[in-house]
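All chains are named by letter (A, B, ...) in the order of the sequence lines, taking the proteins before the strands, and each is independently numbered beginning at 1.
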There are 2 protein chains.
Amino acid sequence: MGTVSKALGLLDQFSRQRALIGLSDFARASGMNKATCHRMLTELAAHGFVEQVGAAREYRLGPQALRLAALREAAVPMREAAQPVLRALAQELGETVHLSVIVGENLKMLAYAYSATHAMTVMMEDADTLPWHATSSGLAVLAFGPQALARRVLAQPLLRLTAQTETDPDAIRARLAVVQAQGFAESASGFEEGVHSLAAPLFDAGATCCGALALAAPAARMGPELRSRVQSSLITAAQQITTLWGGQVPPAIADIWQGTPLPTQERA
Amino acid sequence: MGTVSKALGLLDQFSRQRALIGLSDFARASGMNKATCHRMLTELAAHGFVEQVGAAREYRLGPQALRLAALREAAVPMREAAQPVLRALAQELGETVHLSVIVGENLKMLAYAYSATHAMTVMMEDADTLPWHATSSGLAVLAFGPQALARRVLAQPLLRLTAQTETDPDAIRARLAVVQAQGFAESASGFEEGVHSLAAPLFDAGATCCGALALAAPAARMGPELRSRVQSSLITAAQQITTLWGGQVPPAIADIWQGTPLPTQERA
DNA sequence: GTGATCGGTTCATTATTTGAACCGTTGGTT
DNA sequence: AACCAACGGTTCAAATAATGAACCGATCAC
């Protein structure tokens with residue numbers, strides 16, 4: 001890990017809860033020296049990635065993020081393209097829908113949509129990085145993404161987030177086989193108590209899984225009726241988004257999704 | 001300039017015209033060694049700032065930009081807040097309106113709005129970084145921003161972009177005094193032949209100029225009638241945006257804008 | 001006062017970046 | 001088919017830039 005990575009890692013400290021971070025806080029949170037943090041933040045500030053604000057001279061994200069995002073969307077309109085599909089899906093099914101993509105070694109949430117149907121819905125503001133092993137999105141990407149990714153992720157220690165979180169790598173590998181067989185992933189209370197979610201993989205132009213589309217609902221509402229509606233709508237929407245992104249669903253998964261399961265399991 | 005700055009500088013190579021850049025192109029454009037570029041791009045890719053795509057393994061901006069932009073807008077809704085004002089202004093005056101902010105030592109365009117009134121309008125897609133000395137936006141920020149910025153900028157060699165571009169630092173300093181006196185900046189064909197623009201400064205919470213709001217029109221249409229309408233509407237809109245951003249117009253400039261010019265010039 | 005913490009700076013030590021040369025591939029030209 | 005140039009990527013000794021303990025002045029709570 002080089003100096004650049006350390007500097008970029010500082011930006012990961014920001015979240016919706018922590019929009020303003022002081023120098024000493026950065027040093028503590030990143031485990032780096034205060035002087036090192038200061039120099040890096042100065043360089044980040046010179047390029048507009050962060051800016052200092054107020055009397056306390058705290059740092060917050062800078063306007064450069066907006067410029068880069070605008071360029072990214074102009075070149076690859078992922079977020080804008082997916083957003084209407086998320087909204088439609090959330091409204092149709094009456095539950096929270098969210099979309100995440102692989103960013104480095106993490107799964108990061110890119111967009112979400114709520115439904116106004118129920119007073120109690122799953123909020124996604126707090127989630128930023130989704131744990132691979134404890135969310136349906138994570139399992140979907142592990143199951144359909146590069147095997148190397150799954151190997152690396154499952155080699156690391158897995159955090160127990162709730163009493164229901166599965167943390168045994170072998171047990172998770174077994175679940176991934178199920179995910180591969182049925183074409184979507186499921187997670188009940190693995191991330192947060194009482195939250196049940198389903199997720200379908202999304203693919204890029206090289207037919208490689210690059211993210212997931214998921215629906216999260218209170219476990220109490222996730223009965224057989226909703227579950228089967230979610231399953232089919234989620235898969236349809238995932239196909240839509242993949243197409244909008246110029247991606248391709250691998251034939252094997254397309255077959256499963258079209259209800260013609262393969263006679264033999266191709267992926268091991 | 002440290003390693004981090006060099007790496008971040010690579011991201012500035014991207015533009016709407018150049019969304020895909022190869023390794024060797026990066027090395028040439030940045031003047032750095034190919035190996036150096038490669039290591040930096042690898043680190044940027046690990047954090048999702050760039051991603052490799054296609055058979056040619058070229059690089060493009062990655063999804064991390066979207067995440068950071070979403071966080072930035074959640075914390076400081078600058079772009080979203082300003083956009084409706086830009087649209088209204090463009091429609092009212094029938095010309096292209098754009099907004100730029102200071103990013104490091106450069107003036108970068110953040111947002112723009114077109115009018116559907118005329119077939120011929122000034123397009124802003126190509127502009128990304130605005131030259132300080134050759135645009136009304138640049139002059140406005142130099143005139144009302146920190147003196148240190150103007151000093152540094154005018155100490156560097158100034159490029160001649162058109163036959164009308166003023167490149168003499170002293171002549172520009174004289175123009176800045178005029179800008180300060182009238183409360184807005186003007187530039188005729190300094191940036192592009194036949195484009196006439198007016199700009200008003202925008203201020204942050206510390207009453208420091210942090211950007212500019214500008215209107216650009218074909219010189220042929222910029223007669224006395226339009227010019228006076230632009231002048232008053234631009235100032236009103238600049239005040240609106242400054243307020244939306246939680247900023248404060250310095251009293252001296254507010255007085256000028258309200259038509260009560262100060263008896264003596266305060267800023268030198 | 002007093003002590004703790006803040007953002008920021010210094011400078012000898014140290015670890016990292018750097019870049020010329022090199023590799024295997026690809027794609028066009030002779 | 002042989003050739004060549006340009007591509008993305010890698011290597012390793014030499015050079016340079018990053019590092020961190022100690023320090024500074026300011027601020028704040030007590």
Phosphate OP1/OP2 of [N]: any [X] side-chain N/O under 4.0 Å:
X: B/R28; N: D/dC7; answer: yes
X: B/Q52; N: D/dC7; answer: no
X: B/S24; N: D/dA6; answer: no

All side-chain contact (heavy atoms from CB on, under 4.5 Å) counterparts of A/R60, not counting sequence neighbours: A/L20, A/E51, A/V53, B/R72, B/V76
B/Q17 and B/D128: side chain donor to acceptor below 3.5 Å: no
Under 3.5 Å donor-acceptor, [X] side chain and [Y] backbone:
X: B/W132; Y: B/L142; result: no
X: B/Q180; Y: B/A143; result: yes
X: A/T36; Y: A/M32; result: no
X: B/H133; Y: B/L159; result: yes
X: B/N106; Y: B/K108; result: no
X: A/E43; Y: B/G2; result: yes

Measure from [atom1] on [X] to [atom2] on [N] and round the result to the nearest Å.
X: B/D25; N: D/dG8; atom1: CG; atom2: C1'; result: 12 Å
X: B/R60; N: D/dG8; atom1: CZ; atom2: C1'; result: 18 Å
X: B/N33; N: D/dG9; atom1: CG; atom2: C1'; result: 12 Å
X: A/R39; N: D/dA17; atom1: CZ; atom2: C1'; result: 8 Å
X: B/E43; N: D/dG9; atom1: CD; atom2: C1'; result: 16 Å
X: B/F26; N: D/dC7; atom1: CZ; atom2: P; result: 14 Å

Contact pattern, 5' to 3', of nucleotides 24-30 of chain D - B, S or - by protein heavy atom under 4.0 Å: -------
The helix from C/dG1-D/dC30 to C/dT30-D/dA1: angle between end helix axes, five pairs per end, rounded to 10 degrees: 40°
Salt-bridge present (A/R79, A/E73; N to O < 4.0 Å): no
Contacts of type ring pair (Phe, Tyr, Trp, His ring centres under 6.0 Å), residue B/F184, not counting sequence neighbours: none
Set of residues satisfying ring pair (Phe, Tyr, Trp, His ring centres under 6.0 Å) with respect to A/F14, sequence neighbours excluded: A/F26
Nucleotides bounding contact with chain B, strand DNA chain C, heavy-atom threshold 4.0 Å: C/dT17 to C/dA20
5'-most by nearest nucleotide on DNA chain C - A/E58 or B/M40: A/E58
Residue whose closest nucleotide on DNA chain C lies nearer the 5' end, A/T3 versus A/I21: A/I21
